[in-house]
Amino acid sequence: METPDPQRHQIIDRIIAQHPEGADAACALWETLATEVISIVGTGGFDSLYARSVFLAQSRFPWLAAGASSAQAGHRFASLKTSLAAQTPAHAGEANRLLLVTFTDIVASLIGEALTTGILRSAWGNAAADKNGKELKNE
């Protein structure tokens, strides 16, 4: 029997659907997520989790840049932006979704589903709610 996607995967799908504009939008999502995660695990912790996520996603999308992130605001995801911008919007969206899912899978394995989902809600606010403004329920 197939288990339903975790609530955080549903949130990721919803946020990507709401922001399909490309590399800039993808990096903006990552910036807000990074702010929340860094407040919990620090910059080094975030950078390690992100680097691992990129490494794992490269098995499906080898063109994802593995370059070191810069801790400076606005430059942390420069390599990601460059990688995504060089792809078709659909291909870039698939890669960004996989990267977000992989990242949150790792985080959830460390701190649990509920806290990880809470981080996404905190990072993305109302975008984590369904089209009627209700929070998604994991049924």
Side-chain angles (χ1 to χ4, degrees):
M1 183 195 245
E2 197 173 309
T3 59
D5 281 342
Q7 187 175 10
R8 63 189 157 77
H9 289 187
Q10 296 170 28
I11 292 170
I12 290 167
D13 288 342
R14 182 166 310 286
I15 195 80
I16 288 174
Q18 292 174 0
H19 299 88
E21 295 89 22
D24 288 331
C27 290
L29 293 175
W30 276 101
E31 287 292 347
T32 57
L33 180 57
T35 299
E36 294 300 320
V37 175
I38 287 170
S39 72
I40 298 167
V41 300
T43 301
F46 175 84
D47 290 345
S48 295
L49 294 169
Y50 179 75
R52 178 69 177 154
S53 301
V54 170
F55 174 78
L56 292 172
Q58 283 176 326
S59 66
R60 183 155 171 218
F61 299 101
W63 46 263
L64 277 172
S69 62
S70 168
Q72 285 185 299
H75 300 295
R76 178 178 304 279
F77 301 104
S79 296
L80 176 63
K81 183 176 180 177
T82 301
S83 294
L84 294 177
Q87 304 301 314
T88 64
H91 204 57
E94 289 176 41
N96 189 44
R97 182 193 184 279
L98 177 63
L99 192 56
L100 285 164
V101 166
T102 302
F103 182 85
T104 61
D105 285 351
I106 294 169
V107 173
S109 73
L110 296 171
I111 65 170
E113 285 292 332
L115 290 173
T116 304
T117 300
I119 289 169
L120 294 181
R121 286 188 182 128
S122 183
W124 298 331
N126 290 335
D130 71 11
K131 63 185 172 195
N132 298 318
K134 297 177 185 170
E135 289 191 0
L136 295 169
K137 292 193 173 30
N138 196 14
E139 301 173 0

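Both backbone and side-chain heavy atoms feed into the values below; hydrogens, waters and symmetry mates do not. Keep in mind it's a predicted model, so treat the numbers as computed, not measured.
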Tell me if a side-chain donor or acceptor on [X] pairs with a main-chain N or O of [Y] at a distance below 3.5 Å.
X: Trp124; Y: Leu29; result: yes
X: Ser122; Y: Gly118; result: no
X: Thr116; Y: Thr104; result: no

Heavy-atom side-chain contact between [X] and [Y] under 4.5 Å:
X: Val41; Y: Ile111; value: no
X: Leu99; Y: Phe61; value: no
X: Arg76; Y: Ile38; value: yes
X: Gln10; Y: Leu120; value: no
X: Leu56; Y: Ile106; value: yes
X: Ile15; Y: Gln18; value: yes
X: Leu49; Y: Leu110; value: yes
X: Leu80; Y: Tyr50; value: yes

About how many Å separate [atom2] of [Y] and [atom1] of [X], when rounded to the nearest 0.5 Å?
X: Leu98; Y: Ile12; atom1: CG; atom2: CD1; result: 10.0 Å
X: Arg97; Y: Asp13; atom1: CZ; atom2: CG; result: 4.0 Å
X: Cys27; Y: Leu33; atom1: SG; atom2: CG; result: 12.0 Å
X: Leu64; Y: Ser53; atom1: CG; atom2: OG; result: 11.0 Å

- Item | Phe103 and Phe46 aromatic ring geometry - parallel, tilted or perpendicular at 30°/60° bounds | tilted

- Parallel, tilted or perpendicular, as decided by the 30° and 60° cut-offs, for the rings of His91 and Trp63: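 Ring orientation, 0 to 90° scale: tilted.
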
- Item | Minimal non-hydrogen separation, Ala23 against Ala85, with atom names | CB-N, 3.8 Å

- Run the numbers on Gln87 and Glu94 for side-chain contact (heavy atoms from CB on, under 4.5 Å), then give the verdict. CA-CA 10 Å; Gln87 304 301 314; Glu94 289 176 41; over 6 Å; no

- After noting the C-alpha distance and the side-chain angles of Ile16 and Leu100, does the key distance pass the side-chain contact (heavy atoms from CB on, under 4.5 Å) rule? CA-CA 10 Å; Ile16 288 174; Leu100 285 164; 4.0 Å; yes

- Query: In chain order, what residues pass the side chain to side chain donor-acceptor pair (under 3.5 Å) check against Asp105, with sequence neighbours excluded?
  - Reply: Arg8, His9

- Message: Taking salt bridge (charged side-chain N to carboxylate O under 4.0 Å, His left out) as the cut-off, I'd like each qualifying pair that reaches into residues 36-46, sequence neighbours left out, listed once.
- Response: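 Counting only pairs at least two positions apart or across chains, no salt bridge (charged side-chain N to carboxylate O under 4.0 Å, His left out) contact touches residues 36-46.
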
